[in-house]
Amino acid sequence: MTVPIATDQKSLFFRDRLMDWHRPEDRPLPWKENKDIYLIWLSEIMLQQTRTGQVTPYYKRFTGRFPVLESLATAEEEDVMHYWQGLGYYNRARNLHRAAKYIYFDLEGKFPSDYPSWLAIPGVGPYTAAAITSFALGLPHAVLDGNVFRLLSRYFGIFDPIDTGAGKKLFQQLADQLIDRNNPAQFNQAIMDFGATICKPQNPLCDICPLQSKCIAFIEGTIGQLPVKKRSVARKKLVLNYLHITDGEAFLLWRRPPGSIWPGLYELPSLPEDTEVNAHLKKEMGLIPTEVKKVTQLKHQLTHREITATFYRVQISDFKRLKKGDWILVKYKNFTKFAVHRLMKKYFHIFMD
DNA sequence: AACACGGGGAA
DNA sequence: TTCCCAGTGTT
């Protein structure tokens with residue numbers, strides 16, 4: 001790690017305020033009570049993707065049964081799994097056990113003493129290696145977990161996705177520059193505590209945040225957008241029904257209102273959910289179709305939505321009885337003048353050749 | 001780069 | 001319900 005310490009004002013302010021904010025006694029947790037590298041290792045494995053409150057009882061039970069490396073290394077796997085039961089991500093326990101045997105028998109009970117060696121231990125990735133080497137050995141490796149990603153992305157206003165190789169590299173460099181080399185352990189503890197208690201995912205406590213005055217996301221009102229993730233979490237499903245109402249020469253378009261998806265873009269009039277086509281046409285538009293045909297169904301992916309759109313072609317003799325409404329009558333030769341979203345484009349591409 | 005891997009707290 | 005948690009290993 002040959003990254004220079006960041007000396008710009010923003011970074012200095014961040015480091016100073018963070019270290020000043022940190023009160024180790026504020027978040028007392030059982031694994032903070034000592035510097036036993038075995039116990040720190042164990043706690044960090046348990047804490048992977050798992051809340052502190054959920055870990056605490058497991059940690060106590062587990063350390064009661066396996067208080068030192070030897071007890072874990074010489075235990076039966078079934079016994080280990082039993083004490084992990086209910087905590088989830090069970091490969092953690094298997095890797096932990098495998099690693100314990102490796103350290104106890106192959107390394108003669110001597111724990112690795114640097115970052116790369118810890119990284120080679122089963123179940124230990126970049127985060128855990130940094131946590132162990134800083135907490136137990138005082139080495140200046142910055143931890144990068146969900147809390148740190150969130151805090152840094154907001155404070156520095158970074159919109160690069162955190163779930164790509166490039167993004168992780170960027171944030172790791174930044175964190176390694178920020179770390180207080182005089183006290184890496186306290187810095188790592190502080191940055192995670194801060195993220196967990198102040199810069200929370202939802203409803204962060206910006207009003208009492210000591211970093212507020214220089215927090216880009218707070219200043220620019222983008223707290224809710226950060227951190228950015230490329231891979232969207234399971235998309236929300238959305239069902240839409242569109243009506244392609246035409247007399248052969250023209251058809252109807254409608255402009256989406258602001259505050260919805262695709263604000264301001266045009267699309268075919270849509271049929272409200274749980275509404276029958278003919279009834280809707282007559283009641284809302286004053287139209288009586290000569291033919292209604294289900295034409296196609298298209299899937300469309302958005303960042304946070306999976307849309308299933310069904311298209312109905314509605315044939316009418318003329319638009320004379322069309323009620324006044326938000327829709328506009330568009331001649332086929334003119335329809336390219338209207339801005340439409342990609343889903344609509346897909347449909348037009350297929351059915352307006 | 002994408003995916004599997006668990007269970008639970010909070011909004 | 002949805003989000004996300006002191007992430008890592010595999011493909």
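Since this is a predicted model, take the numbers as computed values, not measurements. Reminder, nothing fancy here: chain letters follow the sequence lines and each chain counts from 1.
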Between B:dA1 atom P and A:K230 atom NZ, what is the distance in whole Å?
7 Å
Rounded to whole Å, how long is the line connecting atom CD1 of A:I45 with atom P of C:dT8?
8 Å
With nearest nucleotide decided by heavy atoms, which residue, A:G165 or A:Q48, maps closer to the 5′ end of DNA chain B?
A:G165
From the list C:dA6, C:dG7, B:dG7, which nucleotide is the closest neighbour of the side chain of A:M192?
C:dA6
With A:R61 as the cation and A:Y58 as the aromatic partner, state whether NZ or CZ is under 6.0 Å from the six-membered ring centre and within 45° of the axis.
yes
Would you verify whether the NZ or CZ of A:K10 falls within 45 degrees of the ring axis of A:Y155 while also being under 6.0 Å from that six-membered ring's centre?
yes
Which class fits the ring pair A:Y38 and A:F111: parallel under 30°, tilted 30 to 60°, perpendicular over 60°?
tilted
Fit a plane to each ring of A:F62 and A:W84, take the angle between them on a 0 to 90° scale, and name the class: parallel (under 30°), tilted (30 to 60°) or perpendicular (over 60°).
perpendicular
Distance, rounded to the nearest Å, where A:N95 contributes CG and C:dT10 contributes C1':
12 Å
Euclidean distance for P, C:dA6 against B:dC5 (whole angstrom)
23 Å
Please check if atom CD in A:E78 has more than 12 non-hydrogen atoms from other residues, nucleotides or ligands closer than 6.0 Å.
no
Using whole Å, report how far CG of A:L39 lies from C1' of C:dA6.
16 Å
Distance, rounded to the nearest Å, where A:R51 contributes CZ and B:dG6 contributes C1'
13 Å
The nucleotide from B:dG7, C:dC4, C:dC5 with an atom nearest the side chain of A:Q202 is C:dC4
A:N147 has a side chain; which of B:dC5, C:dA6, C:dT8 sits nearest to it?
C:dA6
Here the distance between atom C1' of C:dC3 and atom NZ of A:K200, to the nearest Å, is 14 Å
If only side-chain N and O atoms of A:R150 are considered, is one of them under 4.0 Å from the OP1 or OP2 phosphate oxygen of C:dC5?
yes
Please report the distance, rounded to the nearest Å, between CG in A:D145 and P in C:dT8.
10 Å
In whole angstrom, give the distance that lies between atom OH of A:Y127 and atom C1' of C:dA6.
3 Å
